Amino acid sequence: MRMPVQPPNPPLWRRAARRCGLAVALAIAPAMAGAQAVAVTGILGTKALLVIDGGAPRALSAGESHAGVKVVSVGRDDAVVETSAGRRTVALGEAPVSVGGRGAGTGRRVELIADGHGHFVNSGTINGRTMQYLVDTGASVVAIGQPDADRMGLDYRGGQPVMLGTANGTARGWRIRLDSVRLGDVEVFGVDAVVTPQAMPHVLLGNSVLNEFQMTRTGDRLVLEKRR
């Protein structure tokens, strides 16, 4: 049964502003084909204790790699890791998270678990660069804050100027077309998006991507099944 993921009524930017305080880190199911499940189970001085795909814990310093996962930096309670799909921050004690697939995104199914507020948040890639997204059925297209667009190297200033509604009125943004959006091992090509002039806590994963999937929600689980 198809169920709405979020009510679409609040304006895009007001919804984004309310979400700024959320501290969520949910994962695509680690068993997804082609993805690696990584957990940080301890911080040992300058080393992070990683468990990769359920294997034995391995203590790694910045610059060291194991099983295709490289540690970029180690913080007090998290570590930044990198694979061929991009970089991801993994928090100490967080459930095992997907850090991207190997090779082309040829999968068809993504499974997400909601947080206590009913939101679905995870990491993926845009044009091969890592991003944090929030599923938003109330957004007509993918929406990206300007700082994230700059970090991902998107050429948005060459896009079509558009006026966007914000909590404080209107602001100028840019409409662009993304080469690809990847969620775990599932990839969608030629995706419409807008870049907003202000930062947002997440990339809003709108209907320009979601319409490519059959969405089924059961309790706190959301399954995205690619239509074709």
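What you are looking at is a predicted structure, and each value in this text was computed from that prediction instead of being measured.
- A 4.5 Å side-chain heavy-atom check between Ile126 and Tyr133 finds every atom pair outside the cut-off.
- Listed by chain and number, the residues in a side-chain hydrogen bond (donor to acceptor under 3.5 Å, both in side chains) with Asp179 amount to none (sequence neighbours excluded).
- Counting heavy atoms from C-beta on, the side chains of Val40 and Leu50 come closer than 4.5 Å.
- Here the side chain of Ser208 pairs a donor or acceptor atom with the backbone of Val142 at under 3.5 angstrom.
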Practice problem: For Leu205 and Phe120, run side-chain contact (heavy atoms from CB on, under 4.5 Å): C-alpha distance rounded to whole Å, both residues' side-chain angles, the deciding distance at 0.1 Å, then the answer. | Solution: CA-CA 10 Å; Leu205 200 69; Phe120 296 92; over 6 Å; no
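- Ile43 and Val51 fall into different hydrophobic clusters, where Ile, Leu, Val, Met, Phe, Trp and Tyr residues are linked whenever their side-chain heavy atoms come under 4.5 Å apart, directly or through other members.
- Cluster note: Leu44 groups with Leu49 through ILVMFWY side-chain heavy atoms spaced under 4.5 Å, whether in direct contact or through intervening members.
- From Phe189, atom CZ reaches atom CG of Asn127 across 10.5 Å, with rounding to the nearest 0.5 Å.
- The main-chain N or O of Glu187 is found under 3.5 Å from a side-chain atom of Lys226 such that the two form a donor-acceptor pair.
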Donor-acceptor pairs under 3.5 Å, side chain of residues 145-163 to any protein atom, not counting sequence neighbours: which ones?
| unit_1 | atom_1 | unit_2 | atom_2 | d |
| --- | --- | --- | --- | --- |
| Gln146 | NE2 | Tyr156 | OH | 3.0 |
| Asp150 | OD1 | Tyr156 | OH | 2.7 |
| Arg151 | NH1 | Thr130 | O | 2.8 |
| Arg151 | NH2 | Thr130 | O | 2.8 |

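- Taking the charged nitrogens against the carboxylate oxygens, Arg227 and Glu212 have no contact shorter than 4.0 Å, which rules out a salt bridge.
- Two residues are said to be in side-chain contact when any heavy atoms from C-beta on lie closer than 4.5 Å; Met215 and Leu222 meet this criterion.
- Distance alone, capped at 3.5 Å, places no donor-acceptor pair between the Asp136 side chain and the Gly206 backbone.
- Both Ile144 and Leu210 are assigned to one and the same hydrophobic cluster, defined by single-linkage of ILVMFWY side chains at heavy-atom distances under 4.5 Å.
- Looking at Arg217, its side chain does come within 3.5 Å of a backbone N or O of Gly219 through a donor-acceptor pair.
- Here the side chains of Leu183 and Val181 are in contact, with some heavy-atom distance below 4.5 Å.
- Each of Val80 and Ile52 belongs to its own hydrophobic cluster when Ile, Leu, Val, Met, Phe, Trp and Tyr are linked at side-chain heavy-atom distances under 4.5 angstrom.
- Judged by distance alone, the side chain of Asp192 and the main-chain N or O of Arg177 form no donor-acceptor pair under 3.5 Å.
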